[in-house]
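Note that the structure is a prediction, hence the values are computed from the model and not measured. Lettering follows sequence order; numbering is per chain, from 1.
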Number of protein chains: 2
Amino acid sequence: MTQEQFSKYSFLLDRTARKVKQYAQQQFKMGEFDITVDQWLVMKNLSENEVLSQTALANLVFKDHPTLTRIIDLLCKKGYVERIPHPQDRRSFHLNLTQSGLQKVSELKPQVSQIREKAWENLNSKDFEEFKRILNTIYANLEQNN
Amino acid sequence: MTQEQFSKYSFLLDRTARKVKQYAQQQFKMGEFDITVDQWLVMKNLSENEVLSQTALANLVFKDHPTLTRIIDLLCKKGYVERIPHPQDRRSFHLNLTQSGLQKVSELKPQVSQIREKAWENLNSKDFEEFKRILNTIYANLEQNN
DNA sequence: CGGATATAGTTGTTATACTAACTATATTTG
DNA sequence: CAAATATAGTTAGTATAACAACTATATCCG
């Protein structure tokens with residue numbers, strides 16, 4: 001295989017990732033979910049982990065700090081999340097889903113799963129495992145500490 | 001496989017696509033390439049196709065018109081691309097690589113290929129074919145006209 | 001021909017991504 | 001303890017992504 005051919009993966013990967021996000025975002029909009037796909041990822045992770053700082057959450061969702069700051073800002077404005085001052089460390093916050101945020105997560109969870117399924121028509125569990133393996137290998141190949 | 005498990009593909013896909021772009025962008029910066037990864041994609045496609053309108057180019061690179069307008073604006077400012085008025089259709093342009101743009105493409109082409117290769121360490125041609133097949137299937141599953 | 005419609009491209013707005021620079025607070029260490 | 005350093009989070013600036021609304025020009029069709 002030539003270098004030239006290999007190069008195409010980045011185009012296909014980027015194109016597909018954008019399509020997946022775009023499709024989900026359109027469904028979110030049609031269903032009047034009131035949040036974006038990235039905001040959903042953040043809220044879901046908050047719901048699955050009790051006490052999280054912004055740094056801990058950033059590491060979970062693989063977003064950088066400025067990006068997460070802004071997503072949290074928006075979720076606070078919408079009333080789904082609150083920043084609770086950390087009792088020992090005045091630099092830090094505990095992030096909390098509000099009552100409204102908890103309700104939103106449990107309401108959207110099954111709907112999001114259903115939206116996500118559409119991408120896997122005509123594909124099976126073996127494909128899924130292969131896909132995960134290859135994505136994770138690529139990710140590991142490009143990590144900084146190589 | 002549960003819905004929940006399937007849902008993770010979107011996270012891994014997004015995470016990996018971002019890492020691939022980020023890694024390339026860092027290499028572009030280190031090499032002082034003077035363009036972004038998306039600008040490179042546009043210039044490469046211009047170099048491979050003689051006469052392109054913005055619409056034709058947008059379809060090639062799978063970006064929408066506003067995004068492409070802005071990328072072309074930046075490439076014009078940098079002197080790598082020019083908009084030539086279409087002789088028959090006054091709404092439209094022919095996009096052209098300048099001399100400087102052509103030189104940039106031929107200078108960067110091998111370097112970009114080399115950067116792109118790093119992702120494929122520990123993976124082989126069969127993986128590559130599988131990966132392409134799965135990405136293309138997902139893309140097709142989510143196209144609008146379904 | 002002339003009004004309706006379609007197409008090419010631009011502009012505006014919001015969100016995310018990334019880097020860099022910054023503030024405030026903790027921690028380390030001489 | 002005090003200075004150096006590290007960490008938590010924010011702000012600023014630029015680029016890309018998506019959608020909606022817009023201008024200008026072409027085309028269609030009665």
Side-chain angles (χ1 to χ4, degrees), chain A residues 11 14-30 33-42 52-59 61-78 81 83-95 142 144, chain B residues 11 14-30 33-42 52-59 61-78 81 83-95 142 144:
Chain A
F11 171 70
D14 184 64
R15 179 179 86 151
T16 305
R18 278 189 285 119
K19 175 63 83 182
V20 165
K21 185 178 279 192
Q22 183 193 25
Y23 174 80
Q25 192 60 61
Q26 285 171 347
Q27 302 298 309
F28 275 34
K29 189 175 184 186
M30 273 177 45
F33 287 11
D34 183 42
I35 55 172
T36 67
V37 171
D38 294 287
Q39 289 163 17
W40 164 252
L41 177 66
V42 165
L52 284 180
S53 67
Q54 286 190 202
T55 295
L57 181 53
N59 292 337
V61 299
F62 288 81
K63 293 184 185 294
D64 56 21
H65 294 212
T67 298
L68 197 61
T69 290
R70 277 152 188 149
I71 291 177
I72 298 294
D73 284 348
L74 291 170
L75 289 174
C76 287
K77 241 187 250 172
K78 290 179 182 175
V81 172
R83 290 185 170 100
I84 312 288
H86 187 296
Q88 273 81 46
D89 188 338
R90 293 201 299 165
R91 294 168 305 178
S92 184
F93 297 106
H94 287 335
L95 298 174
L142 301 181
Q144 287 316 329
Chain B
F11 171 70
D14 185 64
R15 179 180 86 153
T16 305
R18 277 189 286 116
K19 176 61 84 182
V20 164
K21 185 178 280 193
Q22 184 193 25
Y23 174 78
Q25 191 61 59
Q26 285 171 346
Q27 300 298 309
F28 275 36
K29 189 173 185 190
M30 273 177 46
F33 286 12
D34 184 41
I35 56 173
T36 67
V37 170
D38 294 285
Q39 289 164 16
W40 164 252
L41 177 67
V42 165
L52 285 180
S53 67
Q54 284 190 204
T55 296
L57 181 54
N59 292 337
V61 299
F62 288 80
K63 293 183 185 293
D64 59 16
H65 293 212
T67 298
L68 196 61
T69 290
R70 279 150 188 154
I71 291 175
I72 297 294
D73 284 349
L74 290 170
L75 289 174
C76 286
K77 240 186 252 172
K78 289 179 182 176
V81 172
R83 290 183 170 102
I84 311 288
H86 188 294
Q88 274 82 46
D89 188 337
R90 293 202 297 165
R91 296 169 305 181
S92 184
F93 297 106
H94 287 337
L95 298 174
L142 301 181
Q144 289 313 328

Next on the checklist: Checking D89(A) now: which residues fulfil side-chain hydrogen bond (donor to acceptor under 3.5 Å, both in side chains) with it, not counting sequence neighbours?
Outcome noted: R91(A)
Checklist outcome for this item: Smallest heavy-atom separation, F28(A) atom then I35(A) atom, equals CD2-O, 3.4 Å
Checklist outcome for this item: R15(A) meets the salt bridge (charged side-chain N to carboxylate O under 4.0 Å, His left out) criterion, sequence neighbours left out, with none
Next on the checklist: With heavy-atom distances below 4.5 Å as the criterion, would you say the side chains of L57(A) and V42(A) are in contact?
Outcome noted: yes
Checklist entry - Across the strands shown, which category fits S92(B) at heavy-atom distances under 4.0 angstrom: base, sugar-phosphate, nothing? => result sugar-phosphate
Item to check | Separation of atom CZ in F28(B) from atom P in dC18(C), rounded to whole Å | outcome: 15 Å
Item to check | Phosphate contact (dG9(D) OP1 or OP2) by T55(A) side-chain N/O below 4.0 Å | outcome: yes
Checklist entry - Distance check: side-chain N/O of Q25(A) vs OP1/OP2 of dT16(C), anything under 4.0 Å? => result no
Checklist entry - When the distance from CG of L68(A) to C1' of dA17(C) is rounded to whole Å, what number comes out? => result 12 Å
Next on the checklist: Before you tell me yes or no, could you show the steps for Q26(B) and Q22(B) under side chain to side chain contact (heavy atoms under 4.5 Å, CB included), namely the whole-Å CA-CA distance, both residues' side-chain angles and the distance that decides it to 0.1 Å?
Outcome noted: CA-CA 6 Å; Q26(B) 285 171 346; Q22(B) 184 193 25; 3.9 Å; yes
Checklist entry - For the pair made of NZ in K29(B) and P in dC18(C), what is the distance, rounded to whole Å? => result 13 Å
Item to check | side chain to side chain contact (heavy atoms under 4.5 Å, CB included) between W40(B) and F33(B), worked out | outcome: CA-CA 9 Å; W40(B) 164 252; F33(B) 286 12; over 6 Å; no
Next on the checklist: Does a side-chain N or O of K19(B) approach OP1 or OP2 of dC18(C) to a distance below 4.0 Å, or not?
Outcome noted: no
Item to check | 5' priority, DNA chain C, between D64(A) and A56(B) [closest heavy atom] | outcome: A56(B)
Checklist entry - Starting at CG of L52(B) and ending at C1' of dA8(C), how long is that distance when rounded to a whole Å? => result 14 Å
Checklist entry - Is R83(B) near enough to dT10(C) that one of its side-chain N or O atoms lies under 4.0 angstrom from OP1 or OP2? => result yes
Item to check | Between C1' of dG9(D) and CG of L57(A), the distance in whole Å | outcome: 13 Å
Checklist entry - Atom NE2 of H65(A) to atom P of dT11(D): distance rounded to whole Å? => result 15 Å
Checklist entry - Taking all non-hydrogen atoms of both residues, which atom of V37(B) and which atom of A24(B) are closest, and how far apart? => result CG2-CB, 3.8 Å
Polar-atom pairs under 3.5 Å, protein N or O versus N or O of nucleotides 22-26 of chain C: list them with distances, or write none.
residue	atom	partner	partner atom	Å
dT25(C)	O2	R91(A)	NH1	3.3
dA26(C)	OP1	R90(A)	N	2.9
dA26(C)	O4'	R91(A)	NH1	3.4
dA26(C)	O4'	R91(A)	NH2	3.3

Item to check | Value in whole Å for how far the P atom of dT7(C) lies from CZ of F93(B) | outcome: 19 Å
N/O to N/O distances under 3.5 Å, protein versus nucleotides 12-16 of chain D:
residue	atom	partner	partner atom	Å
dA12(D)	N7	R70(A)	NH2	2.8
dG13(D)	O6	R70(A)	NH1	3.4
dT16(D)	OP1	T36(B)	OG1	2.5

Checklist outcome for this item: Nearest heavy-atom approach of D34(A) to K78(A) is O-NZ, 3.0 Å
Next on the checklist: Among residues at least two apart in sequence or on other chains, which ones pass side chain to side chain contact (heavy atoms under 4.5 Å, CB included) with T67(B)?
Outcome noted: K63(B), D64(B), I71(B)
Checklist entry - How many Å lie between CG on L95(B) and C1' on dA8(C), as a whole number? => result 11 Å
Item to check | Any residue meeting side chain to side chain contact (heavy atoms under 4.5 Å, CB included) with R83(B), in chain and number order, not counting sequence neighbours | outcome: Q54(B), T69(B), I72(B), D73(B), C76(B), F93(B), L95(B)
Checklist entry - Under 4.0 Å: is that the gap between some side-chain N or O of T69(B) and OP1 or OP2 of dG9(C)? => result no
Next on the checklist: Less than 4.0 angstrom between a side-chain N/O of Q54(A) and OP1 or OP2 of dT10(D), yes or no?
Outcome noted: yes
